[in-house]
There are 2 protein chains.
Amino acid sequence: MTPVQTIRENHTAYPSRDHADATDLMAQMGVRMTFAKDEEIYGQDEDADLIYRVVSGSVRTSRVLSDGRRQIGGFYVAGDMFGFENGAAHTFSAEAITQVKVLLIKRSVLASLAARDRTVAEQLLALVGRELARTQEHVMLLVKTAQERVAGFLLEMADRIQAHDEVDLPMSRQDIADYLGLTIETVSRTLTHLENSAAIALRTSRRIVLRNRGALHRLNS
Amino acid sequence: MTPVQTIRENHTAYPSRDHADATDLMAQMGVRMTFAKDEEIYGQDEDADLIYRVVSGSVRTSRVLSDGRRQIGGFYVAGDMFGFENGAAHTFSAEAITQVKVLLIKRSVLASLAARDRTVAEQLLALVGRELARTQEHVMLLVKTAQERVAGFLLEMADRIQAHDEVDLPMSRQDIADYLGLTIETVSRTLTHLENSAAIALRTSRRIVLRNRGALHRLNS
DNA sequence: CGACACTTTGACGCACTTCAAAGGGGGTGG
DNA sequence: CCACCCCCTTTGAAGTGCGTCAAAGTGTCG
């Protein structure tokens with residue numbers, strides 16, 4: 001485990017207290033699993049009886065429509081939790097974007113812990129609340145122009161990956177396109193355009209430098 | 001209060017049990033308030049310290065971008081709860097679409113009840129989970145074609161309002177357009193087109209008959 | 001009955017998609 | 001270590017679905 005990952009894992013772990021912390025609980029009680037790139041972590045319509053936490057690597061959740069179109073629900077990086085959905089079955093599937101290490105815990109275990117421990121219950125609620133907020137932001141992105149969507153996506157990723165101004169995207173253009181409701185060509189063209197207007201620089205196709213955050217924010221309305 | 005509303009209110013009220021029910025709690029402890037059409041229930045950036053339940057009428061939540069574009073986050077009809085957002089402040093505002101009667105309860109009251117009563121905590125979690133699922137469906141709508149969005153919207157509303165096959169929409173074309181990320185002209189044209197293809201009938205502009213649910217579902221992919 | 005707001009319809013323009021082909025860039029085998 | 005290959009990305013050209021601008025139709029409330 002690299003130092004960077006250790007830091008990231010600790011940032012949600014509170015020092016010591018009477019009540020248990022969901023993150024700590026997972027570290028103590030959770031099972032560790034590894035998934036190879038593009039491997040499915042869980043499938044659409046499978047039982048949603050596990051909660052996951054990303055230790056390293058990146059994960060995407062997605063849903064495929066009957067005509068083959070794919071929509072990506074979200075991306076999850078080290079420290080993020082995923083897998084909680086409302087009903088008994090998943091309505092999205094989850095796949096590893098890169099090689100991924102996760103911790104997983106049974107939902108029922110977490111639920112019974114939450115029943116006895118108030119702080120666990122509160123954290124669970126906060127977690128779902130955060131996921132709701134993320135999804136609402138996703139909605140806001142999807143009604144904007146291509147430039148605004150791509151700019152918003154870059155800013156979101158820069159925040160999440162905690163990169164200063166240089167983001168190393170773990171996902172392909174196709175993943176980005178399916179997240180933003182655009183085609184790969186439009187994503188590519190938009191990135192080129194942002195580079196030409198000096199808002200970003202493309203080191204490689206996946207490594208992007210945010211040259212002018214202000215300009216990106218302005219595009220994000 | 002009409003019989004229809006009485007039935008709708010009861011469908012989430014469990015008979016009698018040891019633990020308190022959030023819906024019952026609101027009926028017992030909640031404060032009743034009335035809002036006129038287009039009146040603001042709460043504003044963006046206001047403290048999110050109240051939880052609401054629609055008794056009658058319809059509510060929309062919305063966010064306005066700096067350039068004036070408005071995005072509607074969701075519609076809420078009798079029986080629906082709204083107002084829970086992740087942070088301390090609302091990121092959406094809520095307005096009455098029609099005259100609206102709501103019950104409201106302090107979030108802190110609900111939280112302290114949840115701390116003592118397991119079922120309240122579970123219901124709170126389920127409520128946020130349902131809101132998350134709704135928002136995810138919203139995301140799925142926004143990446144589709146205009147026809148699919150409008151068809152999906154009609155099916156969603158028919159479900160929510162519990163109308164057999166004739167839906168009385170409480171919201172304007174502008175509200176629909178801002179929910180679906182389209183213009184009023186496109187919404188109007190699409191409805192006309194759906195009528196011409198015998199999928200729906202427009203009794204009046206707000207009263208729509210679903211003539212062919214299969215066709216609408218097919219459009220919904 | 002007339003005024004006003006909302007909805008529908010029409011004509012045109014543009015942003016994004018589609019179809020097509022030409023770059024890279026990373027990994028493997030020789 | 002180089003060369004080749006495959007896949008991902010970029011770029012180009014043409015098509016189209018939705019937006020924009022404009023005006024007519026419709027329902028409602030004073």
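For the numbers below, each heavy atom of this structure counts, side chains included, while hydrogens, waters and symmetry mates do not. Proteins get letters first, then strands, A, B, ... in listed order; numbering begins at 1 in each.
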Peer 1: Nearest whole angstrom, please: distance from the P of D/dT10 to the CD of A/Q174.
Peer 2: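 Roughly 13 Å, once rounded to whole Å.
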Peer 1: Please encode protein proximity along nucleotides 12-25 of chain D as a string of B, S and -, counting only heavy-atom distances under 4.0 Å.
Peer 2: BB----SSBB----
Peer 1: Roughly how far, to the nearest 0.5 Å, is CZ of B/R211 from CG of B/L216?
Peer 2: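 Answer rounded to 0.5 Å: 12.0 Å.
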Peer 1: Can you measure B/E195 atom CD to C/dT7 atom P for me and round it to whole angstrom units?
Peer 2: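 Roughly 15 Å, once rounded to whole Å.
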Peer 1: Take atom CG of B/L191 and atom C1' of C/dT9, then tell me their distance rounded to the nearest Å.
Peer 2: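 Going from B/L191 (CG) to C/dT9 (C1'), I get 14 Å.
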Peer 1: Might you confirm whether atom CZ of A/R203 has over 12 heavy atoms from other residues, nucleotides or ligands at distances under 6.0 Å?
Peer 2: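 Open.
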Peer 1: Atom CG in A/D38, atom CD1 in A/I97: separation rounded to 0.5 Å?
Peer 2: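 Result: 9.0 Å between the selected atoms.
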Peer 1: Does A/R60 make a cation-pi contact with A/F75, if we ask for NZ or CZ under 6.0 Å from the ring centre and within 45° of the axis?
Peer 2: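 Output no; distance or angle outside limits.
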Peer 1: Measure from NE2 on B/H193 to P on C/dG10 and round the result to the nearest Å.
Peer 2: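 Computing the B/H193:NE2 to C/dG10:P distance gives 14 Å.
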Peer 1: Are B/Y52 and B/Y42 close enough that their ring centres sit under 6.0 Å apart?
Peer 2: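 When the ring centroids of B/Y52 and B/Y42 are compared, they turn out to be within the sub-6.0 Å range.
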Peer 1: Tell me whether the side-chain N/O atoms of B/R206 come closer than 4.0 Å to OP1 or OP2 in C/dT7.
Peer 2: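 For C/dT7, OP1 or OP2 has a side-chain N or O of B/R206 closer than 4.0 Å.
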Peer 1: Could you point out which residue of A/I72, A/V187, A/V64 forms a side-chain contact (heavy atoms from CB on, under 4.5 Å) with A/D178?
Peer 2: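 Per the side-chain contact (heavy atoms from CB on, under 4.5 Å) rule, the option paired with A/D178 is A/I72, out of A/I72, A/V187, A/V64.
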Peer 1: Starting at CG of A/L202 and ending at P of C/dG23, how long is that distance when rounded to a whole Å?
Peer 2: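 So the CG-P distance, A/L202 to C/dG23, works out to 19 Å.
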Peer 1: So what does B/S205 touch, heavy atoms closer than 4.0 Å: a base, only the sugar-phosphate, or nothing?
Peer 2: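 Result for B/S205 = sugar-phosphate.
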Peer 1: Using a 3.5 Å cut-off on both pairing distances, which stems of three or more Watson-Crick or G-U pairs include DNA chain D?
Peer 2: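 So the stems come out as C:1-30 with D:1-30.
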Peer 1: Side chains of B/Q99 and B/T34: does their closest heavy-atom pair fall under 4.5 Å?
Peer 2: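 The answer is yes; the side chains approach within 4.5 Å.
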Peer 1: Within the 4.0 Å heavy-atom criterion, would you say B/S188 contacts the bases, only the backbone, or no part of the nucleic acid?
Peer 2: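 Base contact.
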Peer 1: Would you confirm whether A/D159, through its side chain, and A/E156, through its main-chain N or O, come within 3.5 Å as a donor-acceptor pair?
Peer 2: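 The answer is no, because no donor-acceptor pair under 3.5 Å joins these two groups.
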Peer 1: Quickly work out the B/D168 CG to D/dG27 P distance and round it to whole Å.
Peer 2: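 About 15 Å, once rounded to whole Å.
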Peer 1: For A/I200 and D/dT10, what is the distance between atoms CD1 and C1' respectively, to the nearest whole Å?
Peer 2: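 Checked: the CD1 to C1' distance equals 13 Å.
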Peer 1: Taking atom CG of B/N220 and atom CE of B/M140, what is their separation to the nearest 0.5 Å?
Peer 2: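 With rounding to 0.5 Å, CG (B/N220) is 9.5 Å from CE (B/M140).
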Peer 1: Specify the separation, in whole Å, of atom CD1 of A/I97 and atom C1' of D/dC8.
Peer 2: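 The answer, rounded to whole Å, is 15 Å.
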